[in-house]
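Okay, structure first, notes after.
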Number of protein chains: 2
Amino acid sequence: MATIYDVARRAEVSPATVSRVANGHANVDPALAERVRDAMRELAYRPNAVARNLRRSRTTLWAVIISDISNPFYTSLVRGVEDGAQRSGYSVVLCNTDEDPAKEGQYVDAALAEQMAGVIISPAGKAQHVNRLADARVPVVVIDRQQGGAHVDTVLVDNEQGAYLATTHLIESGYRRIACVTGPAGVFTATRRLRGYRRALEEHGRPCEEELVRHGDFREEGGYRAMAALLGLRLRPDALFATNNLMTVGAVECLVDSRIPVPDEMGVVGFDDLPWAHLVRPSLTTVAQPTYELGREAAALLTQRIAEPERPPMTLTLETKLQIRDSSLRPRP
Amino acid sequence: MATIYDVARRAEVSPATVSRVANGHANVDPALAERVRDAMRELAYRPNAVARNLRRSRTTLWAVIISDISNPFYTSLVRGVEDGAQRSGYSVVLCNTDEDPAKEGQYVDAALAEQMAGVIISPAGKAQHVNRLADARVPVVVIDRQQGGAHVDTVLVDNEQGAYLATTHLIESGYRRIACVTGPAGVFTATRRLRGYRRALEEHGRPCEEELVRHGDFREEGGYRAMAALLGLRLRPDALFATNNLMTVGAVECLVDSRIPVPDEMGVVGFDDLPWAHLVRPSLTTVAQPTYELGREAAALLTQRIAEPERPPMTLTLETKLQIRDSSLRPRP
DNA sequence: GTGAAAGCGCTAACAG
DNA sequence: CTGTTAGCGCTTTCAC
């Protein structure tokens, strides 16, 4: 690879001038600039970004730390981040943690070592990892899950409100015993969505029955198992609110296997849309999250934070939207 | 951030010794090593990877250049790449080209500038971009689409064979007029899958009717439009082979909108599985590709190529698997 | 407007 | 086994 010195020699100028031309800085005599550009072309010169990064002590990479890119929620979110990053001249390094705090820690270390320009993280572990970044003054945006004890920019959806709408919709459709499968205890989104479910029941004068509340793992299997357990109850539920997309899929699979007709004998609403929720028969009612926008907003926030490190942190809460389809429409007798 | 000199001073050794301890190179007196480790801990020292990369003139980043991470085919593939990368100590930079050769070119430039350790690319453009990488001696693995004129490691699936199996299955299910919606003319996978379709028809004594062959854009909309056009024919087809996942979705949507029962009046087989193909009613018959393995194999190949740059390039072809579900099961009269 | 020169933080010869 | 030293390739003062 040709270096800046090779170009300088060929154009008969100093490396400093080449640098100025390459970066469009300062004024350079047009004739010289032309010579430099010729030399660059002839040598197929590409500035070495690693050297530049070292010298400037900053990079153009963001780390995006999420649990699993295979989950369509994150797929779309990451796409939003990447588009936003590209607009601001950054690239995105993808980090899947599989909800493993140790892996998360490694990626945080890597982000620190690589002098990443910023980090967007949906935290799996405690606030300590986010704090490590913040302490090192690395710009951070927390996404999807709020982190107590960390004072950083955050982008969320209104989980409680979404769950409230979903549950209310089931009540108003005439379902009587509405179950909820939420995520692991202690996970922010699981807690908030459960809270929305409870609030909806209470406000409609239906005390929440604890045997109808289950904790799953936010994966297909957890949804399947929870649904199976609910079907084993003496007093079966007649509707389910599942608090994420994969558990909704698992629950529906269980219902198909058990030959329980949806929505007639079991109404179903999921949190978070599925890419082909409308193709599934019956099509699935879901609380749609603005996943792409979540990513875009996080990217915008990170760009701002980088430009203005001292700005006080803010939290952005985006609205969800209840997407009513067939799985929650109880036929009136 | 503490530098290696800060640690050296605190541990009263030379920076070289700190470097040796940090990298586990050479033998260092245990007592010294202990002092160094203490100092590193006390100063919360993290080696600056940018400086290291410059000095070693190599990095631990791979660029993964694909058209769109939102397409579940790439989602899973990227996940495979990332897992493979992590095992070998690399991280993955995600690059979405949206099939735009210009964007692809920019990402290739970036990969060059950032001195990426390697590139995995599903090429949208001509071979020139791949050749730029190869010329700069950057290890490259081409994935999913073979590139004529580029002499590089390649990981493919047997597209023709998959299409052949899909079409044969439709023929054997009793469908008579089998249409094909393939991708853009000139795209490798589109061409190969079309060829498999044609071969299956010919081998079963059914000359391929050209009006039943359509070119789409590999997106939902293209599938919808192609299906709509096929439905407008005087002699309608009674089955469809769609050559990618999104076009299959689009075609099914069109069939739903047109109230054409599947599989009774229209058999459907798609190429490339959908995450919830089994939940769609009727469940979709598809040619499943080993997407995750594709990514894993590409990662393995890239790791080998990095270790052994002079090894002659090889092409790996993975098998597809026909996943027979309900959408292609014609009820016998 | 241009060039000389000093590093960014680290590693790897090379001496000792 | 340890320290000294010379860069990796670039940018950015600081003189001129």
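Quantities reported herein were computed from a predicted structural model and do not represent experimental measurements. Protein chains get the first letters and strands the later ones, always in sequence-line order, with residue 1 at the start of each.
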Identify the pairs formed between an N or O of the protein and an N or O of nucleotides 13-16 of chain D at a distance under 3.5 Å, and give each distance.
none

- A:A111 versus A:A63, closest heavy-atom pair with distance: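 Heavy atoms of A:A111 and A:A63 come nearest at CB-CB, 4.2 Å.
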- Item | Nucleic acid contacts of residues 43-62 of chain A, taken as heavy-atom distances under 4.0 Å to DNA chain C |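 Correct list: A:L54, A:R55.
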- May I ask you to evaluate whether B:T17 reaches the phosphate of D:dG3, defined as a side-chain N or O under 4.0 Å from OP1 or OP2?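 Yes, within the criterion.
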Quickly work out the [X] [atom1] to [N] [atom2] distance and round it to whole Å.
| X | N | atom1 | atom2 | answer |
| --- | --- | --- | --- | --- |
| B:N27 | D:dT2 | CG | P | 9 Å |
| B:R9 | D:dT2 | CZ | P | 20 Å |
| B:L112 | D:dC10 | CG | P | 13 Å |

- Rounded to the nearest 0.5 Å, how far does CG of A:D98 lie from CZ of B:R79?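 Taking CZ in B:R79 and CG in A:D98, the distance rounds to 4.0 Å.
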- Message: Nearest 0.5 angstrom please: A:T17 OG1 to A:R35 CZ, how far?
- Response: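 CZ of A:R35 is found 9.5 Å from OG1 of A:T17.
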Ionic contact status for [Y] with [X], cut-off 4.0 Å:
| X | Y | value |
| --- | --- | --- |
| A:E104 | A:R132 | no |
| A:R41 | A:D38 | yes |
| A:R137 | A:E310 | yes |

- Query: Taking only residues two or more places apart in sequence, or in another chain, which ones meet B:A110 in a side chain to side chain contact (heavy atoms under 4.5 Å, CB included)?
  - Reply: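 Residues passing side chain to side chain contact (heavy atoms under 4.5 Å, CB included) with B:A110: none at all.
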- Item | side chain to side chain contact (heavy atoms under 4.5 Å, CB included) involving B:R296 - partner list, sequence neighbours excluded |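 For B:R296, the residues satisfying side chain to side chain contact (heavy atoms under 4.5 Å, CB included) (neighbours in sequence not counted) are B:D83, B:R87, B:Y292.
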- Closest-nucleotide ordering on DNA chain D, the 5'-leading residue of B:D29 and A:H25: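 Nearest nucleotide further toward 5': that of B:D29.
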With side chains defined as the heavy atoms from C-beta onward, is the minimum distance between [X] and [Y] less than 4.5 Å?
| X | Y | result |
| --- | --- | --- |
| A:T315 | A:Q146 | yes |
| A:L133 | A:L112 | yes |
| B:E114 | A:T60 | yes |

- Task: Apply side-chain contact (heavy atoms from CB on, under 4.5 Å) to B:D144 and B:F73, showing your working.
- Result: CA-CA 10 Å; B:D144 183 44; B:F73 171 74; 3.5 Å; yes
- Query: So what is the end-to-end bend of the helix from C:dG1-D:dC16 to C:dG16-D:dC1, with 5 pairs used at each end and the value given to 10 degrees?
  - Reply: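 Angle reported: 40°, given to the nearest ten degrees.
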- Message: What is the first contacted nucleotide of DNA chain C and what is the last, in 5' to 3' order, if contact means an atom lying under 4.0 angstrom from a heavy atom of chain A?
- Response: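 Terminal contacting nucleotides, 5' to 3': C:dG1 to C:dG9.
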- Message: I'd like to know whether NZ of B:K103 has more than 12 heavy-atom contacts from other residues, nucleotides or ligands below 6.0 angstrom.
- Response: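 Yes.
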